[in-house]
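Notes follow the structure.
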Amino acid sequence: MKKIVIFASGSGSNAENIINYFDSNENVEVVRVLTNNANAGVIDRVRKYGVAADVFSKTELFESNFLQLINSIKPDLIVLAGFLLKFPQTIIADYPNKVINIHPALLPKYGGKGMYGMHVHRAVVANQEKESGITIHYVNENYDEGAIIFQKNFEVITTDTAEDVAAKIHELEFRHFPEVIAQLLES
Ligand code: GAR
């Protein structure tokens, strides 16, 4: 059985979509969801599926106990799905090419600290970009800079609001993120 651990900070619609996708798969399981936000929507969303959701503080994330927790699970893939804190270097070092993130823009554009969620979509609309998209990439020590695994673009039309862009992004994320995860687990 291949084990996935998901990190999320917010609503968790991607986390739910990934859990749903692998629900009937006998070889892959989302074993744990971890969040730094006790009020995150992701907690109730995933508990409905019987997946354990644990809350930790930013301080705890960087303590050795946290790495021990991850090591006790031994995930085959760590998936950041709307996770907004910097990810600990110690975990990245122990899980080379096993920590991936989804970013709601075509990196290297609109990446880096402070560029997340609606901030990205507002900037895309303000700059009258003709396209945006999603990027799935490996996580390294810098925000949004690890090697790119997958990108998919779409056309931004002049009437699109930041909310419209967000909705199109989510649609692409729901369609492609679980498939990319499945491929990575097979390779
Ligand atoms: C997603 O669109 C994801 O790409 C983005 O946050 C959203 C989370 O939605 N991630 C980032 O901006 C990371 N820099 P969700 O909580 O409903 O899955």
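Start at 1 and go down the list; that is how both ligands and their atoms are numbered. Values in this document were obtained by computation on a predicted structure and should not be read as measured data.
Scanning the protein heavy atoms around atom 13 (C) of ligand 1, the nearest turns out to be Ile102 O, 4.0 Å. Protein heavy atom closest to atom 12 (O) of ligand 1, with residue, atom name and distance, is Gly117 N, 2.9 Å.
Applying the 4.0 Å criterion to heavy atoms of Ser11 picks out, from ligand 1, the atoms 16 (O), 17 (O). Shown in contact with Met115 at under 4.0 Å from a heavy atom are these atoms of ligand 1, numbered in order with element: 14 (N).
Arg45 places a side-chain N or O within 3.5 Å of a backbone atom of Ser11 that can act as its donor or acceptor partner. Counting only distance, with no hydrogens or angles, the side chain of Thr35 and the backbone of Val55 share no donor-acceptor pair below 3.5 Å.
For Phe83, no nitrogen or oxygen atom sits less than 3.5 Å from a nitrogen or oxygen atom of ligand 1, counting backbone and side chain alike. Considering backbone and side-chain atoms alike, Asp144 places every N or O at 3.5 Å or more from each N or O of ligand 1. The shortest N or O to N or O distance between Gly12 and ligand 1 is below 3.5 Å. Taking distance alone, with nitrogen or oxygen atoms compared against 3.5 Å, His170 approaches ligand 1 more closely than that limit.
When Ala8, Ala166, Pro104 are ranked by how near their heavy atoms come to atom 5 (C) of ligand 1, first place goes to Pro104. Considering each of Glu173, His103, Lys113, the one bringing a non-hydrogen atom nearest atom 4 (O) of ligand 1 is Glu173. Of all the listed residues (Ser13, Ala40, Gly82), Ser13 holds the heavy atom that lies closest to atom 15 (P) of ligand 1.
Ion pairing between a basic and an acidic side chain is recognised when a charged N comes within 4.0 Å of a carboxylate O; Lys48 and Glu16 show such pairing.
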Phe87 and Phe7: CA distance, side-chain angles, deciding distance, ring-ring contact (aromatic ring centres under 6.0 Å, His included) verdict: CA-CA 10 Å; Phe87 202 70; Phe7 283 74; 5.0 Å; yes
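No hydrogens or angles considered: a donor-acceptor pair under 3.5 Å links the side chains of Ser9 and Asn36. Using a 3.5 Å distance cut-off with no hydrogens or angles, the side chains of Tyr95 and Asp76 do not pair a donor with an acceptor. No side-chain donor from either of Asp144 and Tyr110 sits under 3.5 Å from a side-chain acceptor of the other. For the residue pair Asn140 / Glu145, no side-chain donor-acceptor distance below 3.5 Å is found, with atom types taken as modelled.
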